[in-house]
Amino acid sequence: MEQEIDHLLRYIETSGCTFSRNGTNHDSRDAGTHIRKKYAYATRWIRSTEDFIRYAATKSSTSGRPYLVICDGVEVPTAEWLADELTRFRDNIR
């Protein structure tokens, strides 16, 4: 689990994508910093990498609005984007 979460955090930080949180855009480094802080807070609820995505990288705890990622002009929910990367990561380590 830790290896997968570390991979996803690095994936966010090095993606070069734009992350939208509560209607404000952030670069990938800022997004990574924010999600790392949320992860540190939510650790007690996280029992799987899917929990990490659900509790730290899906939506704003304040407004409930979903986080979005914009890569190459395509906008998708961050939860979906990270779930896709998690699948790729798992496929590559098998």
Side-chain angles (χ1 to χ4, degrees):
M1 178 179 88
E2 288 302 318
Q3 180 184 16
E4 291 176 344
I5 292 171
D6 287 342
H7 170 76
L8 292 178
L9 287 165
R10 285 191 313 276
Y11 182 68
I12 292 165
E13 293 165 341
T14 63
S15 69
C17 297
T18 300
F19 292 80
S20 179
R21 192 173 77 239
N22 291 321
T24 303
N25 289 343
H26 303 270
D27 66 27
S28 57
R29 283 183 168 201
D30 288 344
T33 299
H34 177 74
I35 292 172
R36 282 182 187 277
K37 287 178 186 174
K38 282 189 73 177
Y39 174 45
Y41 174 78
T43 300
R44 62 185 148 207
W45 298 295
I46 295 174
R47 301 288 177 252
S48 68
T49 307
E50 289 80 5
D51 285 347
F52 162 76
I53 293 171
R54 182 179 311 111
Y55 294 120
T58 297
K59 65 182 179 180
S60 168
S61 356
T62 307
S63 70
R65 290 172 64 182
Y67 294 157
L68 303 170
V69 59
I70 305 149
C71 296
D72 300 321
V74 178
E75 181 180 273
V76 296
T78 304
E80 179 183 321
W81 183 74
L82 289 173
D84 289 347
E85 177 57 22
L86 178 59
T87 298
R88 280 190 292 279
F89 181 76
R90 286 175 172 168
D91 287 346
N92 287 329
I93 61 171
R94 289 184 191 166

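We use all heavy atoms of the structure for the numbers below, so side chains are in, but hydrogens, waters and symmetry mates are not.
- When all heavy atoms of S15 and S28 are compared, the pair lying nearest together is OG-CB, 3.5 Å.
- Atom OH in Y39 sits 10.5 Å away from atom CG in D51 (nearest 0.5 Å).
- The hydrophobic cluster containing Y67 does not contain W45, counting ILVMFWY residues as joined when their side-chain heavy atoms lie under 4.5 angstrom apart, directly or transitively.
- Using a distance-only test at 3.5 Å, with no hydrogens or angles considered, a donor-acceptor pair links the side chain of T58 to the main chain of I53.
- Side-chain contact between H26 and H34 is absent, with no heavy atoms from C-beta onward closer than 4.5 Å.
- Criterion: ILVMFWY side-chain heavy atoms under 4.5 Å apart, direct or through other members. Under it, I70 and V76 are not part of a common hydrophobic cluster.
- The two residues G32 and I12 make their nearest non-hydrogen contact at N-CG2, 3.7 Å.
- By the 4.5 Å heavy-atom criterion applied to side chains, T49 and L82 are not counted as neighbours.
- In this structure, T14 OG1 and L9 CG are separated by 10.5 Å, a value rounded to the nearest 0.5 Å.
- Open room surrounds CD on Q3; 12 or fewer heavy atoms of other groups in view lie less than 6.0 Å from it.
- S60 places no side-chain N or O within 3.5 Å of a backbone atom of N22 that could act as its donor or acceptor partner.
- Within a 6.0 Å sphere centred on NZ of K38, heavy atoms belonging to other residues, nucleotides or ligands number more than 12.
- In this structure, the separation between CD1 on I5 and CG on L86 is 9.5 Å, given to the nearest 0.5 Å.
- Residue pairs meeting the salt bridge (Lys or Arg N to Asp or Glu O under 4.0 Å) criterion with at least one member in residues 62-86, sequence neighbours excluded: E85-R88.
- A ring-ring contact (aromatic ring centres under 6.0 Å, His included) check over residues 69-94, counting only residues at least two apart or in different chains, returns the pairs H7-F89, Y11-W81, F19-W81.
- Of the possible donor and acceptor atoms, none in the side chain of T24 sits under 3.5 Å from a partner among the backbone N and O of S20.
- With sequence neighbours excluded, the residues satisfying salt bridge (Lys or Arg N to Asp or Glu O under 4.0 Å) with E50 are R90.
- Here the CZ atom belonging to R29 is positioned 8.5 Å from the OG1 atom belonging to T33, to the nearest 0.5 angstrom.
- The shortest non-hydrogen separation linking C17 to V69 is CB-CG2, 3.6 Å.
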